[in-house]
Amino acid sequence: MKFDHVCGSIVAMITPFHADGSVNFEALTALIERQIAGGTDAILTLGTTGEYSTMTHEEDAAVVRHTIDTVAGRVPVIVGSGSNCTATQIEMSRRYEAMGADALLIIAPYYNKANAEGMYRHFADTADAVSVPCILYNVPGRTGCSIPVSVVERLAKHPNICGIKEASGNMSYAMEVARFLSPDFQMWSGNDDITLPIMAVGGSGVISVYANVDPASCHKMCADWLTGRHDEARAEQLNRLNLMNRLFIEVNPIPVKTALNMMGLNAGPMRLPLCDMAPENAAILRAELVNAGLISE
């Protein structure tokens, strides 16, 4: 499926594991089908929420293959191919393109970071190496560095870079980036709690953790905003704001996988260094799921 001006709710999928830590492909199939039934507009696999950083390249490829085969062209599939090593990012991007990815999510170089020109080349060289659209991923809380606004401005003109997942949580930064938006360069919120503020300055939707829990709600909120039903969208954002925030009461994806398990959706455990939530935080999360009507008392 061609990735062309996708708007709305893009779920950042978890990767379900068995108790022994192996990938649970049966559960992954069920979760993908649930997303499509809920109206999700696109699926991202191997994002931060998917725990790709704890998986082998072979496991990553198996999850990508399974996701693409299961989705079967019903919605676009975006694959996270990012690395702090540009050569590795290019290698993974080419691999996932060959497997049928509709778009790629490429990340700012973490740990080693980069100066402005290195940052530009890290993204531009990757986009030059593939034919499918590339999405920049700005998440300084994970990478320790932000993509400079001046670099985003340059990259927004690249013919194979179609947008940015803006996950800094900094609305001032997002508003600077919004100046570069065009039919060929979109912005998606990377933070569920500010989806509508991002959309209000021209964003196209959200790449969402929350959508794992309630895909229909996330899709409706975005669709309402995009079709001018702003009051309805605002009400949904505010109604689910507490739950969105509780999904980050501990480091992602610990709470969202815990929530899915509480809902009986078989997300399984996390892989170390992530582990089970503190009991007091799990109790807070459970109470919020009850308040949202997603589980019973």
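- Counting heavy atoms from C-beta outward, P255 and M277 have side chains that approach closer than 4.5 Å.
- A heavy-atom distance below 4.5 Å is not found between the side chains of I135 and I106.
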Let me have the donor-acceptor pairs involving side chains of residues 123-133, under 3.5 Å, with sequence neighbours excluded, atom names and distances please.
| unit_1 | atom_1 | unit_2 | atom_2 | d |
| --- | --- | --- | --- | --- |
| T126 | OG1 | Q89 | NE2 | 2.9 |
| T126 | OG1 | H122 | O | 2.8 |
| D128 | OD1 | H158 | NE2 | 2.7 |

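- Side-chain N or O atoms of D41 include none that pairs as donor or acceptor with a backbone N or O of G8 at under 3.5 Å.
- Between N252 and L247, the closest side-chain pair of non-hydrogen atoms is not below 4.5 Å.
- There is no path of hydrophobic side-chain contacts, each under 4.5 Å, that joins V77 to V206.
- One finds a salt bridge joining K257 and E51 here, because a Lys/Arg side-chain nitrogen approaches an Asp/Glu carboxylate oxygen to under 4.0 Å.
- Two residues are said to be in side-chain contact when any heavy atoms from C-beta on lie closer than 4.5 Å; I43 and I32 meet this criterion.
- The minimum heavy-atom distance between D102 and V75, with the atom names listed, is OD2-O, 4.2 Å.
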Could you check E26 against N24 for side chain to side chain contact (heavy atoms under 4.5 Å, CB included), going step by step and ending with a plain yes or no? CA-CA 6 Å; E26 182 178 356; N24 185 339; 3.7 Å; yes

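- No side-chain heavy atom of M221 sits under 4.5 Å from any side-chain heavy atom of R240.
- Linking ILVMFWY side-chain heavy atoms closer than 4.5 Å, directly or via other members, places I90 and Y137 in two distinct hydrophobic clusters.
- The side-chain tip of R142 does not point at the ring of Y110 from less than 6.0 angstrom away and within 45° of straight on.
- N191 and G169 get closest at one heavy-atom pair: OD1-N, 3.5 Å.
- Nearest heavy atoms, N212 versus R34: O-NH1, 2.8 Å.
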Does W188 form a side chain to side chain contact (heavy atoms under 4.5 Å, CB included) with Q186? I'd like the steps, not just the answer. CA-CA 7 Å; W188 297 270; Q186 299 172 260; 3.7 Å; yes

Check the pair L28 / T70 against side chain to side chain contact (heavy atoms under 4.5 Å, CB included), numbers first and verdict last. CA-CA 9 Å; L28 180 57; T70 302; over 6 Å; no

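- For the residue pair A174 and M187, the shortest heavy atom distance occurs at O-CE, 3.6 Å.
- For residues 194-242, every residue pair satisfying the ring pair (Phe, Tyr, Trp, His ring centres under 6.0 Å) rule, not counting sequence neighbours, is listed here: W225-H230.
- Looking only at side-chain heavy atoms (C-beta outward), E59 and S22 stay at 4.5 Å or farther from each other.
- The shortest heavy-atom contact between T143 and C145 is OG1-O, 2.7 Å.
- Between G203 and L181, the shortest heavy-atom distance links the atoms N-CD1, 4.2 Å.
- Here the side chain of Y52 pairs no donor or acceptor atom with the backbone of H57 at under 3.5 angstrom.
- Side-chain contact between C162 and D184 is absent, with no heavy-atom pair separated by less than 4.5 Å.
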Worked verdict on N291 versus N242 for side chain to side chain contact (heavy atoms under 4.5 Å, CB included): CA-CA 10 Å; N291 289 340; N242 285 346; over 6 Å; no

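- For S93 and E91, the side-chain atoms include no donor-acceptor pair closer than 3.5 Å.
- In the hydrophobic clustering of this structure, L136 groups with V149; members are Ile, Leu, Val, Met, Phe, Trp, Tyr whose side-chain heavy atoms approach within less than 4.5 Å, directly or through other members.
- A side-chain donor-acceptor contact under 3.5 Å links S217 and E236.
- Side chain to side chain, S146 and N138 meet the donor-acceptor criterion of an N or O pair below 3.5 Å.
- Residues V64 and L46 are in side-chain contact: their nearest non-hydrogen atoms beyond the backbone lie under 4.5 Å apart.
- Counted by atom type alone, S150 and Y120 present zero donor-acceptor pairs between their side chains at under 3.5 Å.
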